[in-house]
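See below for the structure under consideration.
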Amino acid sequence: MRIALFGYGKMGKMIEEIAQKRGHEIVAKVDVGAEDIDYASMDVAIDFSTPDSAFENITGCFEHGVPVICGTTGWLDQYNEAVDLCNANKSAFIYASNFSLGVNIFFELNAHLAKMMSKLNKYKVSMEEIHHTQKLDAPSGTAITLAEGIINNTAYTSWQLEASGEKIIPITSKREGMVPGTHSICYESSVDSIEIKHTAHNREGFALGAVIAAEWIQGKTGVFSMKDVLNLS
Ligand SMILES: NC(=O)C1=CN([C@@H]2O[C@H](COP(=O)(O)OP(=O)(O)OC[C@H]3O[C@@H](n4cnc5c(N)ncnc54)[C@H](OP(=O)(O)O)[C@@H]3O)[C@@H](O)[C@H]2O)C=CC1
Ligand SMILES: O=C(O)C1=N[C@H](C(=O)O)C[C@H](O)C1
């Protein structure tokens with residue numbers, strides 16, 4: 001498979017390593033200020049760039065019929081527009097706030113736990129995410145997906161950074177050293193607490209998931225998710 005990397009930072013470099021080990025070719029590394037992008041050379045584009053550049057990168061690919069795997073977070077106010085452009089151009093698209101298998105299992109666990117908790121009505125939920133100090137967005141995309149999983153299964157209606165309120169999920173974002181990504185969800189009652197936590201030890205899991213998604217999307221048209229790729233539920 002001929003892969004173009006949009007964003008050649010920490011994730012772009014890790015994806016290159018894993019893709020090459022799986023026998024793929026990196027045909028382009030598109031970083032800031034790139035000109036004359038050769039879309040015809042690509043079977044798929046993998047975008048791990050920045051919140052400000054992802055939308056333009058993605059939609060440029062759609063206009064040239066190149067399928068896109070996007071892991072960039074912090075641009076989702078334009079997600080619906082990207083979906084429309086993908087469909088209009090009969091291209092293919094997967095966005096995931098987190099491509100690791102472990103986190104996608106954690107998403108399922110989170111939704112199941114939320115469902116059980118909503119029946120008890122005795123616990124208050126809160127969330128914490130910890131990432132490296134270079135991260136541009138807060139809360140993390142993964143924390144937002146986790147919050148949506150809780151909102152879809154309970155009486156909670158929204159999330160907010162450092163908030164309090166009856167139906168608001170409070171999220172605490174910490175930025176420390178080189179932390180690749182840690183997410184925990186805590187349910188607290190007057191008598192006990194229950195916590196679930198995912199800790200990434202490095203970036204390999206994110207990168208492998210993105211390459212597997214790129215392999216999976218070949219020959220497909222439409223908008224998909226990691227649930228489709230991993231066949232988890
Ligand atoms: N979904 C997932 O599983 C994961 C998602 N992420 C997300 O992926 C994104 C990238 O993360 P990471 O690799 O750690 O970040 P980095 O900052 O290490 O890399 C981002 C790269 O994008 C480049 N860039 C800037 N502007 C453009 C542009 N217009 N077009 C293409 N590239 C550009 C940057 O260049 P320069 O430095 O010169 O500005 C940099 O090289 C983040 O949004 C992060 O949250 C991260 C890990 C996992
Ligand atoms: O910026 C990162 O590093 C990460 N970003 C993603 C997010 O915002 O959830 C995924 C992972 O946690 C690492």
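Just follow the structure's listing: the first ligand is 1, and inside any ligand the first atom is 1.
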Which of these, Ile94, Ile217, Asp43, sits in a side-chain contact (heavy atoms from CB on, under 4.5 Å) with Pro67?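 For Pro67, the side-chain contact (heavy atoms from CB on, under 4.5 Å) check succeeds only for Ile217.
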Polar contacts were defined as any N/O atom of the residue lying under 3.5 Å from an N/O atom of the ligand; does this apply to [X] and ligand 1?
X: His132; answer: no
X: Ala96; answer: yes
X: Gly12; answer: no
X: Ser97; answer: yes
X: Asp31; answer: yes

Flag if over 12 foreign heavy atoms under 6.0 Å of [atom1], [X]:
X: Lys122; atom1: NZ; value: no
X: His112; atom1: NE2; value: no
X: Asn121; atom1: CG; value: no
X: Glu56; atom1: CD; value: no
X: Glu166; atom1: CD; value: no

For [atom], what is the nearest protein heavy atom, given as residue, atom name and distance?
atom: atom 19 (O) of ligand 1; value: Gly9 CA, 3.3 Å
atom: atom 4 (C) of ligand 1; value: Phe48 CE2, 3.4 Å
atom: atom 15 (O) of ligand 1; value: Lys10 NZ, 3.9 Å
atom: atom 46 (C) of ligand 1; value: Met11 CG, 3.6 Å
atom: atom 30 (N) of ligand 1; value: Asn57 ND2, 3.4 Å
atom: atom 25 (C) of ligand 1; value: Thr50 CG2, 3.5 Å
atom: atom 26 (N) of ligand 1; value: Val32 CB, 3.5 Å
atom: atom 44 (C) of ligand 1; value: Thr73 OG1, 3.7 Å

Please tabulate, one line per pair, the protein N or O atoms found under 3.5 Å from any N or O atom of ligand 2, giving the distance to one decimal.
residue	atom	partner	partner atom	Å
ligand 2	1 (O)	Lys135	NZ	2.9
ligand 2	3 (O)	His132	NE2	2.8
ligand 2	5 (N)	Lys135	NZ	3.2
ligand 2	8 (O)	Thr73	OG1	3.4
ligand 2	8 (O)	Lys135	NZ	2.7
ligand 2	8 (O)	Gly141	N	2.8
ligand 2	9 (O)	Gly141	N	3.3
ligand 2	9 (O)	Thr142	N	2.8
ligand 2	9 (O)	Thr142	OG1	2.5
ligand 2	12 (O)	His131	NE2	2.6

Sub-4.0 Å atoms of ligand 1 with respect to non-hydrogen atoms of Tyr8: 41 (O)
Would you mind listing which atoms of ligand 1 come within a distance below 4.0 Å of any non-hydrogen atom of Lys135? 45 (O)
Considering [options] one by one, which has a heavy atom nearer to [atom] than any of the others?
atom: atom 10 (C) of ligand 1; options: Gly209, Ser49, Gly205; value: Ser49
atom: atom 31 (C) of ligand 1; options: Val30, Ile15, Val103; value: Val30
atom: atom 29 (N) of ligand 1; options: Ser53, Gly71, Gly60, Ala34; value: Ser53

Are the side chains of [Y] and [X] in contact, using a 4.5 Å heavy-atom criterion?
X: Glu25; Y: Met1; result: no
X: Thr172; Y: Glu162; result: yes
X: Trp216; Y: Asp228; result: yes

Going by distance alone, is a donor N or O of one side chain under 3.5 Å from an acceptor N or O of the other, for Asp47 and Ser49? yes
Give a yes/no on ligand 1: does Lys13 have at least one heavy atom closer than 4.0 angstrom to it?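 No, Lys13 has no heavy atom closer than 4.0 Å to ligand 1.
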contact_flag Gly74 ligand 1 heavy-atom lt 4.0 Å: no
Check [X] against [Y] and note the closest heavy-atom contact, atom names and distance.
X: Ile150; Y: Ala114; answer: CA-CB, 4.0 Å
X: Thr72; Y: Pro51; answer: CG2-N, 3.9 Å
X: Ser53; Y: Thr50; answer: OG-OG1, 2.7 Å
X: Leu85; Y: Phe55; answer: CD1-CZ, 4.1 Å

Is any side-chain N of the basic residue among Lys21 and Glu16 closer than 4.0 Å to the acidic one's carboxylate O? no
Test: Lys197 and Glu128 ion pair at under 4.0 Å: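 A salt bridge is absent here (no side-chain N lies under 4.0 Å from a carboxylate O).
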Protein heavy atoms near atom 37 (O) of ligand 1, is at least one of them under 4.0 angstrom away?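 No.
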Structural part of Glu56 in contact with ligand 1, heavy atom criterion under 4.0 angstrom: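 For Glu56, there is no contact with ligand 1 at all, from either part.
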Ala210, portion touching ligand 1 at heavy-atom distance under 4.0 Å: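 Looking at Ala210 and ligand 1, no heavy atom falls under 4.0 Å.
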Compute both the distance and the angle, then confirm whether Lys124 meets the cation-pi test with Tyr187: under 6.0 Å from the six-membered ring centre, within 45 degrees of the axis. no
